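Here is the structure we will look at, set down as structure tokens.
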Amino acid sequence: MKVMKFGGTSVGKPERMHQVAQLITKDNEPVIIVLSALSGTTNALVEISNHLAESNKDEARVCIQKLEAHYQSFILSLLKQPEFLAKAKAIVAEHFEFLNIITRISFSEALNKDILAQGELMSTRLFSVYLEEQDIDGMHNNDPRVVNKTIAIEQLSFDEAAELAYFGAKILHPTCIWPAQQQNVPVKLLNTMEPTAKGTTIMHEAGSVGVKAIAAKDGIFAIKIRSSRMLLAYGFLRKVFEVFEKYKTSIDMITTSEVAVSVTIDNPVFLNEIIRELEPFGVVETDTEQTIISIVGNQIAETKEVLMKLFDAIHDIPVRMVSYGGSPHNISLLVPSAYKKETLQLLNKGLFGLE
């Protein structure tokens with residue numbers, strides 16, 4: 001059993017609270033989490049308490065309103081799904097109702113302790129709601145941490161699930177699929193907090209044709225090798241791939257033309273060495289901070305309607321690479337990470353009609 005304590009700075013911004021969630025869920029062992037109040041909260045509560053002790057109730061109310069506005073802004077960035085945002089708003093309203101009530105009663109030392117405790121109570125309860133928004137009802141059609149509205153997928157094939165897991169779906173690790181697929185054992189993804197929800201069943205049959213879900217994989221590096229010598233050059237690609245094999249670096253995507261080849265990697269440990277060995281083949285260009293967005297479903301590469309809707313939805317997005325035809329279950333796009341959220345939202349609307 002671990003006990004992990006995070007100070008106010010560690011949870012002072014929504015993105016930092018997101019990072020804390022990743023830290024505490026990376027190991028499969030029981031853990032007790034202790035959180036300080038959001039940075040600046042305790043000082044504000046001390047100021048409120050001091051005003052009340054001096055019977056400066058108007059000043060106390062001003063401080064309370066300012067602090068409440070901060071929390072309202074905080075939860076808008078912390079949470080995405082409407083039902084969890086509503087829960088967080090109710091928590092904030094409850095605590096600030098208490099603070100407003102105490103401006104109308106006599107101040108005491110016992111009341112001072114109650115005032116100062118509100119920060120830790122709110123940070124802990126809001127963090128709990130955020131975690132609840134994440135452990136979800138099965139695998140969803142898009143990343144609920146990024147897009148505003150997602151839906152659970154009732155049935156996936158093993159191949160579809162493997163594609164989603166590899167390209168960023170956090171609810172399932174890629175290596176979990178293979179043993180079950182080999183023995184044709186159905187896998188059920190359920191939410192322990194909502195035991196009556198259907199969840200997602202992963203089995204041999206896909207259940208339906210068409211797009212099932214979208215996943216995104218960050219931290220991607222794109223490498224492009226341009227060379228006129230590549231034209232009709234026998235063995236050129238083999239030599240390129242041998243460089244990546246030498247440094248045990250996997251390639252996620254690849255596209256080629258007569259004079260250029262582009263590949264993506266997610267492990268930059270040997271990036272400088274790889275570039276150095278590729279430079280004799282031609283001009284090497286590298287793009288960092290890229291994201292692979294994968295559209296996964298049954299026979300989608302053979303469905304014209306999917307392609308039409310997909311590219312119509314993202315016509316203003318600067319797509320760096322497209323991988324199409326390598327798998328009947330997957331169409332992948334490479335976009336700058338700065339466009340990740342916009343791309344996922346546009347695809348959510350264009351492919352699923354969800355806004």
Side-chain angles (χ1 to χ4, degrees), residues 3-25 31-135 144-149 193 338 341-342 345 355:
V3 177
M4 302 176 73
K5 164 67 165 62
F6 296 92
T9 303
S10 297
V11 293
K13 294 182 179 180
E15 56 268 28
R16 290 178 182 165
M17 197 171 273
H18 296 166
Q19 291 168 355
V20 168
Q22 293 175 3
L23 285 173
I24 68 173
T25 56
V31 60
I32 295 174
I33 307 301
V34 181
L35 302 182
S36 293
L38 273 57
S39 55
T41 298
T42 300
N43 288 341
L45 292 172
V46 168
E47 185 178 2
I48 291 167
S49 185
N50 289 339
H51 283 314
L52 292 174
E54 297 168 359
S55 297
N56 295 326
K57 295 187 177 182
D58 289 339
E59 289 86 346
R61 292 189 185 97
V62 170
C63 292
I64 291 170
Q65 290 172 1
K66 182 178 178 181
L67 186 60
E68 183 175 11
H70 172 68
Y71 272 83
Q72 293 291 355
S73 175
F74 184 91
I75 62 176
L76 287 176
S77 297
L78 177 68
L79 301 154
K80 297 296 181 184
Q81 297 190 62
E83 62 177 298
F84 296 103
L85 186 57
K87 286 186 179 182
K89 287 182 177 179
I91 289 170
V92 171
E94 177 187 332
H95 286 276
F96 281 94
E97 181 183 16
F98 167 77
L99 290 175
N100 280 297
I101 287 174
I102 63 174
T103 64
R104 302 194 293 270
I105 62 178
S106 299
F107 181 81
S108 67
E109 185 55 37
L111 195 58
N112 175 55
K113 293 179 180 178
D114 286 338
I115 293 170
L116 299 184
Q118 299 306 302
E120 284 76 10
L121 290 172
M122 280 194 287
S123 64
T124 303
R125 294 182 69 188
L126 292 175
F127 185 61
S128 179
V129 172
Y130 174 68
L131 291 179
E132 187 179 350
E133 183 186 51
Q134 299 312 296
D135 293 332
R145 299 165 301 176
V146 178
V147 301
N148 295 325
K149 187 175 182 180
M193 296 182 183
K341 181 176 181 178
E342 183 182 357
Q345 289 177 330
E355 296 188 61

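Here the structure is a predicted model, which means the values were calculated and not measured.
Side-chain atoms of Leu111 and Ile105, non-hydrogen and from C-beta on, do get closer than 4.5 Å to each other. For the pair His51/Ile48, no side-chain contact is recorded, criterion being any heavy-atom separation below 4.5 Å from C-beta on. Considering only heavy atoms from C-beta on, Val92 comes within 4.5 Å of Gln72 through its side chain. Between Lys5 and Ser36 there is a side-chain heavy-atom pair separated by less than 4.5 Å. Contact annotation: the side chain of Phe127 approaches that of Ile24 to within less than 4.5 Å [non-hydrogen atoms, C-beta and beyond]. At least one side-chain heavy atom of Lys87 sits less than 4.5 Å from a side-chain heavy atom of Glu132. Proximity of Gln118 to Leu121: side-chain heavy atoms (C-beta onward) are separated by under 4.5 Å at one or more points. For the pair Ile115 and Phe107, the minimum side-chain heavy-atom distance is below 4.5 Å.
In this structure, Lys57 places its NZ atom where more than 12 heavy-atom neighbours from other residues, nucleotides or ligands lie under 6.0 Å away. At most 12 non-hydrogen atoms from other residues, nucleotides or ligands lie less than 6.0 angstrom from NZ of Lys341. Within a 6.0 Å radius of NZ in Lys113, other residues, nucleotides and ligands contribute 12 heavy atoms or fewer.
A distance of 11.0 Å separates CG in Leu52 from OG in Ser106, rounded to the nearest 0.5 Å. Ile64 CD1 to Leu45 CG: the interatomic distance, rounded to the nearest 0.5 Å, is 9.0 Å. Atom-to-atom distance recorded for Lys80:NZ and Asn148:CG is 7.0 Å, nearest 0.5 angstrom. How far OG1 of Thr103 is from CZ of Phe98: 11.0 Å, rounded to the nearest 0.5 Å. Rounding to the nearest 0.5 Å places CG of Leu116 at 10.5 Å from CG of Asn43. Summarising the geometry, atom NE2 belonging to His95 is positioned 7.5 Å from atom CG belonging to Leu126; distances are rounded to the nearest 0.5 Å.
Considering Gln19, Met17, Arg16 in turn, Met17 is the only one that fulfils the side-chain contact (heavy atoms from CB on, under 4.5 Å) rule with Val11.
Contact between Ser123 and Leu35 at its shortest, heavy atoms only, is O-CD1, 3.7 Å. Scanning all heavy atoms of the two residues, the minimum distance from Tyr130 to Ala21 falls at CE2-CB, 3.5 Å.
Between Glu109 and Asn112, the side chains place a donor N or O and an acceptor N or O closer than 3.5 Å (distance only, hydrogens not considered).
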